[in-house]
Novice: 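Before I ask anything, let me first share the structure, which is written out below as structure tokens.
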Amino acid sequence: MKIVKHFSFDSAHLLDCHDGKCQNLHGHTYQLEVEVQGPLIKSGPKAGMVLDFADLKQAVKQQIVDHLDHAFIYDVHSEKESTIAQLLQSWQMKTFAFKGRTTAEMLSQFIFDQLSTKLPISRIRLYETPSSYAECNSPSSKETSDD
């Protein structure tokens, strides 16, 4: 059984040394889908659920959304991005230090890894734009082929 909950957050970033327009500081309204997979709870107040949607919402908010929403997400390995972050921090503006390039793919993997420590996550889908997303799946939830 699977359940999915949607979340939204706004963040700014840039891709230092990128060969396109994303090398410039810009923002996204990210849409996040979190899929949880597991057996139905057999008894108690949460019987018939994989996970209470309220518990899922609270976990994602605390571990992800509260940190990334309205933050400048920056690659700690980039001198340029770190310099921008230091300036923003000096003005008491929100930043989030990320250990890698702030691509949709890397952010998707990070979110998956963070949430997997607390929840039975089977898939993360992170939309950077309405028509572009990165997806990260647990090894057990990946579809297999007979080829």
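Only heavy atoms go into these numbers, but all of them, side chains included; no hydrogens, no water, no symmetry mates.
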Novice: Look at the side-chain heavy atoms of Ile, Leu, Val, Met, Phe, Trp and Tyr, link any pair under 4.5 Å apart, and say whether Ile111 and Tyr127 land in one connected group.
Specialist: no
Novice: In the structure I gave you, are the side-chain heavy atoms of Lys46 and Asp55 within less than 4.5 Å of one another anywhere?
Specialist: yes
Novice: Write down the atom of Ser8, the atom of Gln31, and the distance for their closest heavy-atom approach.
Specialist: OG-NE2, 3.1 Å
Novice: With sequence neighbours left out, what residues match Phe9 under ring-ring contact (aromatic ring centres under 6.0 Å, His included)?
Specialist: Tyr30
Novice: Is a side-chain N or O of Ser116 found less than 3.5 angstrom from the main chain of Phe112, in a donor-acceptor match?
Specialist: yes
Novice: Would you check if His13 and His28 make a side-chain contact, meaning some heavy-atom pair closer than 4.5 Å?
Specialist: yes
Novice: When rounded to the nearest 0.5 angstrom, what distance separates CG in Leu51 from CD1 in Ile3?
Specialist: 5.0 Å
Novice: Can you tell me how far apart CG (Leu119) and CD (Gln114) are? Round to the nearest 0.5 Å.
Specialist: 11.5 Å
Novice: Would you give the length of the straight line joining atom CZ of Arg123 to atom CD of Glu33, rounded to the nearest 0.5 angstrom?
Specialist: 5.0 Å
Novice: Are Leu14 and Leu68 connected into the same hydrophobic cluster when the rule is that any two of I, L, V, M, F, W, Y join if their side-chain heavy atoms are below 4.5 Å apart?
Specialist: no
Novice: Between the side chain of His26 and the main-chain N/O of Asn24, is any donor-acceptor distance below 3.5 Å?
Specialist: yes
Novice: Is Glu81 reaching over with its side chain to a backbone N or O of Asp75, donor-acceptor style, under 3.5 angstrom?
Specialist: yes
Novice: State the NE2-CG distance between His18 and Asp16, to the nearest 0.5 angstrom.
Specialist: 11.5 Å
Novice: Applying a strict under-4.5 Å side-chain criterion to I, L, V, M, F, W and Y, I'd like to know whether Ile84 and Ile73 cluster together.
Specialist: no
Novice: If you measure from CD on Glu79 to OG1 on Thr83, what distance do you get to the nearest 0.5 Å?
Specialist: 5.5 Å
Novice: Applying side-chain contact (heavy atoms from CB on, under 4.5 Å), run through Lys57 and Phe7 and close with a yes or a no.
Specialist: CA-CA 8 Å; Lys57 179 181 177 180; Phe7 301 88; 4.2 Å; yes
Novice: Parallel under 30°, tilted from 30 to 60°, perpendicular over 60°: which one fits the rings of Phe72 and Tyr74?
Specialist: parallel
Novice: Is the shortest side-chain heavy-atom distance between Asp69 and Asp10 below 4.5 Å?
Specialist: yes
Novice: Among the clusters formed by ILVMFWY side chains lying less than 4.5 Å apart, do Val4 and Val34 turn up in the same one?
Specialist: no
Novice: Look at the side chain of His67 and the backbone N and O of Gln62, then say whether any donor-acceptor pair between them is shorter than 3.5 Å.
Specialist: yes
Novice: If we ignore angles and hydrogens, is there a donor and acceptor under 3.5 Å between the side chains of Asp19 and Gln23?
Specialist: no
Novice: Quick one: closest heavy-atom pair of Ser122 and Glu35, and the distance?
Specialist: OG-OE2, 2.7 Å
Novice: Taking atom CZ of Phe53 and atom NZ of Lys5, what is their separation to the nearest 0.5 Å?
Specialist: 7.0 Å
Novice: Is there a chain of hydrophobic side chains (I, L, V, M, F, W, Y, each step under 4.5 Å between heavy atoms) that links Leu15 to Val76?
Specialist: no
Novice: If you look at every heavy atom in Cys136 and Gln109, which pair is closest and at what distance?
Specialist: SG-OE1, 3.5 Å
Novice: So, for Ala85 and Thr95, which heavy atoms are closest and what is the spacing to 0.1 Å?
Specialist: O-CG2, 3.9 Å
